[in-house]
Each structure stands twice: as structure tokens, then as C-alpha cells.
Amino acid sequence: MPPSLLHKTLLYSPLTLSTSRSSTTLMKMMTMASVSPTHFTPHTLTQPHSLENPQLSLFDNCKSMDYLKQLHSQTIKTGMTSNPVVQNRIVAFCCKHESGDMNYARHVFDTIPEPSMFVWNTMIKGYSRIKVPENGVSMYLEMLRRNVEPDHYTFPFLLKGFTRDIALECGRELHGHVVKCGFHSNVFVQNSLVNMYSLCGLIDMARCVFDTSQTRDVVTWNAMISGYNRIKQFDESMKLFDEMEKNGVLRTSVTLVLVLSACSKLKDLNMGKRVHEYVKECKVEDDLRLENALIDMYAACGRMDLALGIFQNMKTRDVISWTAIVAGFANAGEVDLARKYFDQMPERDYVSWTAMIDGYVRVNRFKEALALFRKMQTSNIRPDEFTMVSILTACAHLGALELGEWIKTYIDKNKIKNDVYVGNALIDMYSKCGNVEKAQRIFKKMPRIDKFTWTAMIVGLGINGHGEEALDMFTEMLKASIAPDEITYIGVLCACTHTGMVDVGRKLFASMTTQHGIEPNVAHYGCMVDLLGRAGHLKEAHEVIKNMPMKPNSTVWGALLGACRVHKDAEMAEMAAKQILELEPENGAVYVLLCNMYAACDRWENLREVRQMMIDRGIKKTPGCSLIEMNGIVHEFVAGDPSHPKSEEIYSKLDEMKTDLKFAGYSPDTSEVSLDVGEEEKESALYRHSEKLAIAFGLISSGPGVTIRVVKNLRMCVDCHHMAKLVSKMYNREIVVRDKTRFHHFRHGSCSCKDFW
DNA sequence: ATAGGGTTAG
């Protein structure tokens, strides 16, 4: 229908309530909607209607579209199709049955010359059922155009199918129609308005309908609470719950489920217990959903004992009950217990799988997360965007770029919802896998971004050595009026550290409090110590520690210790190490760092003392470990490890490399080898470092031009760093190594960190 | 012959 015609219709129809401005929205909807205009089929009723026709009873048993089509064709043969009762039955089946076909419904509807109110409403309900609200609206407009007045069933049916977007687009205008039609005091209509408004976040409008309602019932209250839950204003939900009692409204199990959900999000155990008492007093009928909500509340509050108590006493459990238990244990870090329940589940859906996968991710057991994801796929359970976020997080930690890329393709191909969480996870994955360009590409394409998006991008640029761009991003973020938080500032300060921008870092640190009212926490002080220390301002770094308003933790001292080692200040290093060991006597890394430093200063006597201390105290060094992903498989190497199936080839490649590199002027840098042994033995220790094994494996397992990406759990050693630079030049290969804190992009013989790390 | 509100995972 041409817009002008609709415009006229709306203007002159008795139902035209909207101003011409607001009706343009609905007009636009109409042109968008995919429903073809109704054709008026001339119809002559040739057969008398028989209401008691036995054919009609056949419709009662209809269970499928195929059967319905058979019945339909029979009615055509007997001339019954023009019987309004038959028409109603056919349309109603298509609109209501789970297998019902709305196109078929529309086709039959279009043959009805003057559809009854019932048929109009049924059609609208049908479009809501299949979640195509545009067609519902289009149907509604068609009604108005044909001067059919909606009744009090029409609006609930129509609004029920609304999505956020369409509610924002024409919710208010339809509300106007409701008032003009005089249905605003119908409690069903009101309730659907409250729901519609809370769906699209117009909570004040919802509240307005609620407050002015003369006829509100328990469902109105519930819908309102649901609205507050949706926008995470759980305190308002609680308030309404208490007000219900004052107003003498009898709460239903739905009310309790809603309030328990709020308790769970707030982790409000006391309120949760109060609701549980209410249930125990049999004030409402117990049902499955309510029990599930109780499990969830107790689990969220960390009371798995009470959650299990409910779970074990349930007569019937569904997949949600089981998942709530699995998720509860997973969130508590008890991932093995979670797995025990997961394995016992009679059936699992995509939420159960995702909860379990995410449990592994939360406790940094990424390889198990990936293994479970593979199992999920062989079980033919379709993952959704939540699953994708978990897997992308695992990829980010493992540096598994290939799998990450595969997930990206999977999302696009399978039309998985690409929301802001997914975008953020993709940015994180790409930048933690060392591909900051692709991270930026995702950033630019995201239709909606939030604080986390900016922060992920700032951190990503910073750790990849693009400090200045990270700060530009920060400026842009502020320009976009997005308030930074503590994490954003961690990213900003790290960016300064990795680029050595000391003065800028100092200024930004000061701006936290002055510009944004964020009190620096211990991590921020750690960043400052790191920033100053790495740049060689060891005394100033120490001053920062002495003057910080809270007790410095081992990370803060660790930053100073690291700086002391780089700048070879043995005295301060000893002091810092002592501080850390007071806090964490078992911290193996500190002993190792001290050893490295004594080795670098040729203080072998001290080194031996520390070694002895380690032996006496039973302290183990964290073994260096490097990961490399090849054809979607993550390979793990530890120093000197001969267990890889291709070990022989790897070691002979290493020999070859050593010869090639020495020819090009490479000499092993043994300054950090904390072994008081001959030069030759030091070299052979260096030569077995895990990152070298991984790089050699990368060279033999991939074709020329393929970037080698390695993730190391510790800081990269000086010699490996040197060697990687030469390899990048001699073999013309890009190498990206992610170490404990940052990235090293080796290209044409130099590193993005500019040897500053 | 036609209605409304709910639980599990980032």
C-alpha cells in the first residue's frame, strides 16, 4: 500500500488518534513489513453452512500442517471452505499450533471477504507466536484501514510478540490507540503495556501505566518487578515485593521466582531465605520453576549445601535444575564437582554445556574448556553467543589464533548473535593472540560498543606495543563521554609502561583522581612502580611504594624486583625479594629472579645460598612453558622436553638454526643463566628453552611466510629474545611471542618492544 | 472458540 493511502486511512478512520508526526512510524512499519496487501476475493456463498458438520470434528485431531492441508482440500471439495467456522479452524490451527505455518494462514485469511474479530486477533496472535511483530503491526494497520475496530484481545496479542526494537519504534503510539479505544482500564491490556515498556527499557513509561492503573492485579505487579529485574534495578524489585504485602496483594509463585532472581543477582542471602520461608509456609504452591529459582539463589550466594538440599528433595528435576547446580559449582571454582554433576545429567542443552565450559575457563583450565567444546560439537548441540564468548576467552588465554579465527567464521556462517559481548571477546582474542590489526577491524565494525569495548582495545594496543595509539583511543573514549573505570586505567598505564612514556604515565595517574574520581588501587600503584622501574627510576619507584596509602602486595614488590633485575641493582632487589617472601614464602618466581640477577652480577656465592634456600624450603621453580598452535591443536613445550613426537626433528632444526645464526653473528647471551657452570653448559641450557623449541617446531611445521605465534608463561629470556630477532631476519618469518605481560612482534630482525620489557 | 507475569550461561 502506498504510504499516502495509509496516511489517509489513519487520518480519517475513527481510530486515528495519532498526530501525523507519530503515525509516520507506523507507516514506515507498514512499508517494511513483508506481508502482502490483502486481496479481496469476490466470494459467493454457494453452500449453506452447517455448523454440525462432522467434517469439523476432524479438526480437533489435527496435529500437523500436512494433515491440516488434507482437511483443507476436503473442505474445498465439499464446498465448505466458505464456511466461516471452517475458515476459523484452519486459520487458528496455523496461528496457534507449534508447527503452524503463518504463510498458509495468511493465504487462507486473504480469501475471507470479511474476517471476524476473532480471525483478525488470531492472525495477530500468530505473528506474535512466531516473533514477526512487523507482520502483526501490519495486520493491525490493515484492520484500521478497513474500519475494523480492535477489541480488548487485540492489544495483548499484538504486544506479546514485540521485540525491543519494534517496541521502541511504535510502542508509545499504540499506547495512544489503547487510550483512545478506551481499553486503558482493561487489566490485560495494561499488563501487556507494562511488559512492552519494560521490554524496551522504557521503565518510567511502564511505571506510569502501573501507577495510574485502577485495576492492577498481581500480574501487573509481577510484570513491573520483571521490568526492574530486566534493567538490573533489583532494589526496586525488592521494594515492590514489600509493597505488595502492604497493599494486600497475594503473591504468586511467579512473584517469588522474580524476587529470588533479584536476590540471586544481588547475592542477598537474607532476603532469599525470607522468600524461602514464605514458600515453606505454603503461602504459594510449590512448582518446578520456583525450586529452580531457589537453587539458583542459594548457588549465587555461595551456599551450595542449601542448593543441593533443594535439588535432592525435588520430585522432578529438569535440565534447568541440573544446570543451576553445575553452574553453581562452576562459579564457586569447584569445577570438578561441577563436572561430576554435568556427567550425570540425563539431558544437557546448550546452556548446560556452556556453563560447564565456562567453569573451566574461570579456573584457567582452558584446554579442558576447548576439549569440552569439541565434545559439545560432536554431540550436535548448537552453541550460541554465550558459548562463543567462553571459547574466545579460552583462545585468548592460550593464544590460539587459528581456533579463534575459526570461531569468528563459525559465528558469521551460523548467524550466531553477534552482540557487544561477542565483539568484546573477539577484540580480546585477537589482541591477546597478537593480531591487533584484526582487533581494530572488529572494533570499527561493531554497531554498539561499551566501556568494555574501549578498555579491551586500549589494553590490546598497549600490550602489543602501540602505546601511543592506546592513548589516542583513551582520548577518543573520553570524547565519546564514556567514563573510564579502574580497568581502563590499568590498560592506559600499562600502555605507558610498554612504550616507556614515563611523564605521560605520571600525568595520567594523577588524572584518575582529579578527572574521574577513581581512587587508585594497589594494582595501579603496581603499574606506576613498573612504569618508573622499567625506565630505570628505581628510587622513585621505591618512593611510590613507601608512600602508597595501602599495604603493598607481592605484585607491587615484584614490579620493583623485576626492574632491579633489568637495571642490575642487587641491593634493592634483595630488599624487594625479602618483602615478597615475607608475604609469600612459597613464591618460586622470586627465588628464580634473585638467582637470575646474581648470575647477571656474577655473584655466584649469593646464588648458591638462594639455591640452597630453595632446596631447604622445598620451593620449586615454575617450569618455563611455551604453547604453539598448529592446525588447531595447541602444542605445549617445557624446557628440555623430549616428549614431543617430533622431538628429533625439532632438535636437529635447532642445531641447524644455531649454525645459521652463529654464521650471522649470533653469540649466546648466557648472562641470565643461573647455573654456575662452564660456558658450554650454560649454552646448552639456553638452547633447550621452551620458546626455542616452540619456534623450531613452528619453523618445521608451517610453510614459508606463515607467522609463528608462541605463548610463554614466564618472561621471555634475553637470549631467546635475541635469537628470535635473528630468526625473523634470516628465515624471513614473522614471530610473535606473548610472554607473561606483553607481546614481542619480531619482524626483519627487530622487536616491537624495542628491547624494552 | 481469543489474554497477561517466571528459572539456567558471558
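By convention in this document, chain letters (A, B, ...) are assigned in the order of the sequence lines, proteins followed by strands, and residues within each chain are numbered from 1.
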Classify A:V187 by what it touches in the nucleic acid, base, sugar-phosphate, or nothing, heavy-atom distance under 4.0 Å.
base
Hey, is the side chain of A:K265 poking within less than 4.0 Å of OP1 or OP2 on B:dT8, counting only N and O atoms?
yes
I want to verify a distance call: between B:dA3, B:dG6, B:dT7, whose nearest atom is closest to the A:A293 side chain?
B:dT7
For A:N195, answer base if it contacts any base atom (sugar-phosphate contacts may also be present), sugar-phosphate if it contacts only those atoms, and nothing otherwise; contact means non-hydrogen atoms under 4.0 Å.
sugar-phosphate
Run the salt-bridge test on A:R251 and A:E245 with the 4.0 Å N-O cut-off and return the result as yes or no.
yes
Side-chain atoms of A:S253 come closest, of B:dT2, B:dG10, B:dG6, to B:dG6
Side-chain donor or acceptor of A:D358 under 3.5 Å from a matching atom on the base of B:dA9?
no
B:dG6 base to A:D287 side chain: any donor-acceptor pair below 3.5 Å?
yes
Which nucleotide in the set B:dT2, B:dG6, B:dA9 lies at the smallest distance from any side-chain heavy atom of A:R289?
B:dG6
Using only side-chain N and O atoms of A:K160, determine if any of them is under 4.0 Å from OP1 or OP2 of B:dA3.
no
Closest to side chain of A:D384, choosing from B:dA9, B:dT7, B:dG4:
B:dA9
Figure out the CE/P separation between A:M224 and B:dG6, and round it to whole Å.
13 Å
Just checking A:E385: base, sugar-phosphate only, or nothing, at a heavy-atom cut-off of under 4.0 Å?
base
Mind checking A:F157 for me? I need base, sugar-phosphate or nothing, with any heavy atom below 4.0 Å counting as a touch.
base
For the side chain of A:P156, counting heavy atoms from C-beta on, which of B:dA3, B:dA9, B:dT2 is nearest?
B:dA3
Any N/O donor-acceptor pair, A:D217 side-chain to B:dG4 base, under 3.5 Å:
yes
In whole angstrom, what separates A:N121's CG from B:dT2's P?
12 Å
Can a salt bridge be assigned to the pair A:D358 and A:R362 using a cut-off of 4.0 Å between side-chain N and carboxylate O?
yes
Reckon A:T252 touches a base, only the sugar-phosphate, or nothing at all at heavy-atom distances under 4.0 Å?
base
Touch check for A:N229, heavy atoms < 4.0 angstrom, all strands: base, sugar-phosphate only, or nothing?
nothing
Are A:R89 and A:D60 within salt-bridge range, i.e. N to O under 4.0 Å?
yes
Using salt bridge (Lys or Arg N to Asp or Glu O under 4.0 Å), reason through A:R274 and A:D268 one step at a time and then give a plain yes or no.
CA-CA 10 Å; A:R274 240 183 75 195; A:D268 186 341; over 6 Å; no
May I ask whether A:F188 stacks on the base of B:dG4, given the cut-offs of 5.5 Å between ring centres and 30° between planes?
no
Report the nucleotide, chosen from B:dT2, B:dG10, B:dA9, that has the shortest atom-to-atom distance to any side-chain atom of A:K125.
B:dT2
note: A:I325, atom CD1; B:dT7, atom C1'; distance rounded to Å ~ 13 Å
Between B:dG4 atom C1' and A:I225 atom CD1, what is the distance in whole Å?
15 Å
Under 4.0 Å, counting only non-hydrogen atoms across every strand here, what does A:S226 touch: a base, just sugar-phosphate, or nothing?
sugar-phosphate
Whole angstrom is fine here: how far is it from CZ in A:R348 over to C1' in B:dA9?
16 Å
A:D419 (side chain) and B:dG10 (base): donor-acceptor pair under 3.5 Å
yes
Starting at atom CG of A:L256, determine the distance to atom P of B:dG6, rounded to an integer number of angstrom.
14 Å
Value in whole Å for how far the P atom of B:dT2 lies from CE of A:M139
19 Å
Answer with yes or no after comparing the ring centroid distance for A:W454 and A:F443 against a 6.0 Å cut-off, counting only values under it.
yes
So, A:D242 and A:K246, do they make that salt bridge, N to O below 4.0 Å?
no
Is it true that A:F241 and A:W221 have ring centroids separated by less than 6.0 Å?
no
What is the nucleic acid contact for A:N186, judged by heavy atoms within less than 4.0 Å: base, sugar-phosphate only, or nothing?
base
Would you say A:R362 reaches B:dG10's phosphate, i.e. side-chain N/O to OP1/OP2 under 4.0 Å?
yes
Output the rounded distance in Å from CD1 (A:I295) to P (B:dT8).
12 Å
